[in-house]
Amino acid sequence: MAANWKMNKTIAETREFLRDFIPSVKDVVDVDMVIAPPFTALAAAGEAMRGTPVQLAAQDIFWEEKGAYTGEIAPAMLLDAGCRHVIVGHSERRQYFHEDDSVVNRKARAAQKAGLGVIFCVGESLDERDSGKTFDIVRRELEKGLEGIDAGNLVVAYEPIWAIGTGKTASPEQAQEVHAYVRDILRKRYGTAAEEIRILYGGSVTPENVNSLMACQDVNGGLVGGASLKPDSFAKIVCYKKEK
Ligand code: PEP
């Protein structure tokens with residue numbers, strides 16, 4: 001279960017969250033927990049997570065190692081702050097910061113080269129879904145974005161844009177349909193290793209809907225925005241009930 005805090009929380013708020021959250025998940029053994037705070041809070045979060053099962057992720061990365069790139073953050077800087085993963089290709093980066101497939105791919109490659117796990121996001125807009133383009137969009141984003149990317153340390157997140165921050169969740173059937181399609185594309189690229197790649201669902205996941213989403217065969221976790229901002233809410237999501 002991965003938390004994407006987006007542009008929320010100061011350093012003090014991050015410490016306060018982790019003070020509450022970490023003890024509340026101390027008995028969790030079978031769910032990997034990842035939190036992606038904003039850049040300014042990474043180092044403080046990394047310190048607070050040290051020695052705990054909660055892992056740190058960044059929300060973005062730049063592909064160069066160092067130099068004259070004002071405002072950018074290099075892979076080694078993320079490692080230095082304690083990050084083990086990075087989110088790449090989030091729809092907000094694609095939409096507001098004009099990151100196309102080739103930019104997303106360069107970021108993913110740089111992350112893997114540095115030893116960071118990649119949480120690779122794909123997903124269609126409402127218009128694209130309504131015009132029957134969901135599978136085409138998801139296929140293009142995966143085919144172009146995963147060029148040169150290894151299966152190890154790769155997590156894919158399916159995030160329908162119409163479900164992000166809107167309170168509209170994909171139904172378990174809608175999620176499973178696309179997740180199964182993602183798995184097929186991953187099989188073509190990675191063969192049997194595709195079975196081990198975790199495919200997260202993202203888009204208005206809450207403590208109320210997490211059980212039914214996690215019951216889907218190809219839904220292996222969640223990428224959670226809004227509902228990850230409160231420790232008790234994210235802890236409930238992490239402690240979802242497995243339906244048989
Ligand atoms: C996200 O931004 O990755 C996300 C899924 O947000 P929310 O849970 O708020 O829809």
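When a ligand or atom number is given, it counts from 1 through the structure's own listing order. Everything quoted here is computed from the prediction, not taken from an experiment.
Under a hydrophobic clustering in which Ile, Leu, Val, Met, Phe, Trp and Tyr are joined whenever their side-chain heavy atoms come within less than 4.5 Å, directly or via other members, Ile22 and Val224 fall into the same cluster. Two different hydrophobic clusters hold Val103 and Ile149 under the rule that ILVMFWY side chains link at heavy-atom gaps under 4.5 Å.
Ranking protein heavy atoms by distance to atom 8 (O) of ligand 1, first place goes to Gly225 N, 2.8 Å. Closest to atom 5 (C) of ligand 1, if we only count protein heavy atoms, is Glu159 OE2, 3.1 Å. Nearest protein heavy-atom contact of atom 1 (C) of ligand 1 is His90 NE2, 3.3 Å.
For ligand 1, the polar-atom distance check finds no N/O of Gly202 at less than 3.5 Å from any of the ligand's N/O atoms. For ligand 1, the polar-atom distance check against Gly165 finds a nitrogen or oxygen pair separated by under 3.5 Å. In terms of polar-atom proximity, Ser204 is counted as a contact of ligand 1, with an N or O under 3.5 Å from an N or O of the ligand.
Between the Thr169 side chain and the Ser204 main chain, a donor and an acceptor come within less than 3.5 Å of each other.
A cation-pi contact links Arg93 to Phe97, judged by a cut-off of 6.0 Å to the six-membered ring centre and 45° from its axis.
Under the 4.0 angstrom criterion for non-hydrogen atoms, Ser91 is not in contact with ligand 1.
Listed by atom number, the atoms of ligand 1 under 4.0 Å from Gly226 heavy atoms are 7 (P), 8 (O), 9 (O). Every atom of ligand 1 with a heavy atom of Ala163 under 4.0 Å away is listed here by number and element: 10 (O). Short contacts between ligand 1 and Asn4, defined as distances under 4.0 Å to a heavy atom of the residue, involve ligand atoms 1 (C), 2 (O), 3 (O). For ligand 1, the atoms closer than 4.0 angstrom to any heavy atom of Gly203 are 5 (C), 10 (O).
The shortest distance between side-chain heavy atoms of Glu141 and Asp101 falls below 4.5 Å. Put simply, the side chain of Arg198 reaches to within 4.5 Å of the side chain of Asp32, judged on heavy atoms. Residues Leu42 and Ile73 have side chains not in contact (no heavy-atom distance under 4.5 Å, counting atoms from C-beta outward).
The distance from the CG atom of Leu186 to the NE2 atom of His179 is 11.0 Å, given to the nearest 0.5 Å.
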